[in-house]
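First comes the structure, then the notes that go with it.
Numbered from 1 within each chain, the chains take letters A, B, ... in sequence-line order.
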Amino acid sequence: MAYKSDFLNVLDERGFIHQCSDFDGLDALAAKREVIAYVGYDCTAPSLHIGNFLSMMMLHWLQETGNKPITLMGGGTTMVGDPSGKDETRAIRTAEEIEANKASIKGVFNKVLQFGDGKTDAIMVDNADWLLKLSYIDMLRDVGRHFSVNRMLTMDSVRLRLEREQEMSFIEFNYMVCQSYDYVELARRYGCNLQMGGSDQWGNIVNGVDLGRRMGTHQLYALTTPLLTTSSGAKMGKTAQGAVWLNADQFSAWDFWQYWRNTEDGDVARFLKLFTTLPMEEIARLEKLDGAEINEAKKVLANEATALLHGRDAADAAAATAQKTFVEGGLAQDLPTISGNPGDGLLSLFVAAGLAASNGEVRRAVTGNSVSVNDAKIADPGYVAGEADFNSDGLMKISLGKKRHALVKRD
RNA sequence: GGAGGGAUGCCCGAGUGGCUAAAGGGGACGGGCUGUAAACCCGUUGGCUAUGCCUACGUUGGUUCGAAUCCAACUCCCUCCA
């Protein structure tokens, strides 16, 4: 192993590392178990998504290897809006919206982190606590004077906008100042010495490292993860339903399990390392499977990733449901369920179950031969559920295509 | 403040009076092949109580038998000048 510290060794062998401002310095610190690292989370949506899961796992390993994680809620920075990787100005969000999002996001962290007052316990802070109190002139004098506009203009987040002749407003231009200041504030308050994030955050992070030096903090470090893409190059985390959210009320454990089960072959090993806590020897064994056998590895990936986030019970239930539904072709009780009765029209049942957005969509699907009831294809869009369609438990299975299923339960 | 340019479906983008629910591409979904994979091929992609009706090309009004297309006002965006 190349590193002295457990922390960097684990991250390295699992494929989390993209760039670091100073490997040796950080390694020395981690070897003494003195890293206090933070990751900032935007409050632009009511749930974090799968991309954020990656940095959560980094915090997890940080803690596992004896260091202290800080999760920073971007209550203040979300008021400004990060221009990184955006072509257009983000819609400015209201304070109420940000508060609501923050409250809704918070819950996921205790799935992978241990919070508390101990030395290596995680803590959660909110940059609204200091950013909202800043006074403009003081900020300019104390912090603003350390920023070179010449240099800011060369940062990717700004430069790319300018090159494409896309508007960038002054508020967005200030984002990196806020994030840099966060780092300094966390260094002063909590002794924070490492900021981690996705590769798109590199510019923002190293600016913070720089600001720390100019403002006289201890040495700060930067560490980023590679951008998550599938091996066919697509950005990860997009599905028919939109993003792969981490909150169960927005993306169910069943959908989450299915998401991982459908991973491309070429990504399985990489994702096992990143999104599960399985030991490397076990992953090495799974990695050797090929051909149809790789499906076993995909199931393990789905089980472990789902168990991490939604609990072992939810993962087992999803696995059992998948087994019944896809392997045995039977009717599993844990599929998404709606209520309905004999006499209900097929079209409205599909819409109610969320399998289709409109009656017309179901009609077209019927024409395309992709609609079935209890695994029998339906050719008539006017089909009405009958007594015989419900089994002795009062359940009827409706499917759109091979993969999307739901149950109708009579009341 | 002045002068130009622009706003089309999930996204990009064609369309300058009827043949337009709107070309083409992307994405998404479905079918085929498979292994609930990728690649590839094919199909679908505004709504409805459906041989018809309704909604829709920034907003509101107007011209016309007929408007995404012409006119007016307004809103927002961009570029250049000050």
Side-chain angles (χ1 to χ4, degrees), chain A residues 85-92 161-169 172 229-244 254-272 286-287 289-303 305-306 318-332 334-336 343-373 375 377-384 397-406:
Chain A
K86 293 276 180 302
D87 263 0
E88 289 165 23
T89 304
R90 286 192 187 199
I92 298 226
R161 282 275 192 95
L162 295 179
E163 279 174 4
R164 287 185 217 145
E165 303 196 331
Q166 304 273 9
E167 162 89 359
M168 169 170 266
S169 70
E172 293 177 282
T229 54
T230 66
S231 48
S232 41
K235 267 190 209 159
M236 247 189 107
K238 289 285 164 57
T239 74
Q241 294 85 43
V244 177
W254 161 250
D255 285 328
F256 194 74
W257 196 93
Q258 283 296 318
Y259 177 79
W260 294 111
R261 176 62 184 82
N262 284 302
T263 297
E264 290 177 32
D265 287 8
D267 294 325
V268 176
R270 194 158 56 98
F271 289 174
L272 279 166
L286 292 167
E287 207 170 348
L289 300 172
D290 58 350
E293 285 186 329
I294 202 168
N295 282 321
E296 289 312 309
K298 290 184 188 181
K299 285 179 195 169
V300 173
L301 170 62
N303 283 335
T306 307
T321 300
Q323 171 73 16
K324 270 189 201 159
T325 307
F326 291 103
V327 181
E328 296 158 23
L331 188 153
D334 282 331
L335 287 172
D344 287 345
L346 187 73
L347 304 182
S348 54
L349 287 175
F350 271 77
V351 174
L355 294 176
S358 69
N359 291 358
E361 196 175 316
V362 187
R363 278 177 208 277
R364 286 192 293 270
V366 169
T367 311
N369 198 32
S370 54
V371 167
S372 23
V373 168
D375 299 312
K377 293 286 187 199
I378 299 297
D380 172 19
Y383 188 87
V384 172
K397 178 180 171 191
I398 58 178
S399 316
L400 181 74
K402 290 175 182 166
K403 292 190 186 177
R404 302 169 66 200
H405 308 279

Results of side chain to side chain contact (heavy atoms under 4.5 Å, CB included) for A:Asn369 - residues two or more places apart only: A:Lys377
For A:Glu296, the salt bridge (Lys or Arg N to Asp or Glu O under 4.0 Å) test, sequence neighbours excluded, returns A:Lys299
Residues in side chain to side chain donor-acceptor pair (under 3.5 Å) contact with A:Arg261, at least two apart in sequence or another chain: A:Asn295
Residues that A:Ala269 engages under side chain to side chain contact (heavy atoms under 4.5 Å, CB included), provided they are two or more places apart: A:Glu287
Under the side chain to side chain contact (heavy atoms under 4.5 Å, CB included) rule, collect the residues that match up with A:Val300, sequence neighbours excluded. A:Leu272, A:Leu278, A:Leu286, A:Glu304
Protein within reach of the bases, or only the backbone? For nucleotides 47-54 of chain B, mark each nucleotide 5' to 3' as B, S or -, using heavy atoms under 4.0 Å. SSSB----
What stems involve RNA chain B, if each pair must be Watson-Crick or G-U and both of its distances must be under 3.5 Å, with 3 or more such pairs in a row? B:1-7 with B:75-81, B:10-12 with B:24-26, B:27-32 with B:40-45, B:46-48 with B:52-54, B:58-62 with B:70-74
Residues which pass side chain to side chain donor-acceptor pair (under 3.5 Å) with A:Asn303, listed by chain and number, not counting sequence neighbours: A:Trp257
Sorted by chain and number, sequence neighbours left out, side chain to side chain donor-acceptor pair (under 3.5 Å) with A:Ser399 holds for A:His405
Can you name the side chain to side chain donor-acceptor pair (under 3.5 Å) partners of A:Gln323, sequence neighbours left out? A:Glu328
A:Ala353 meets the side chain to side chain contact (heavy atoms under 4.5 Å, CB included) criterion, sequence neighbours left out, with A:Ile338, A:Leu355, A:Ile398, A:Ala406
Between the protein and nucleotides 20-27 of chain B, list every N/O to N/O distance that falls short of 3.5 Å.
none

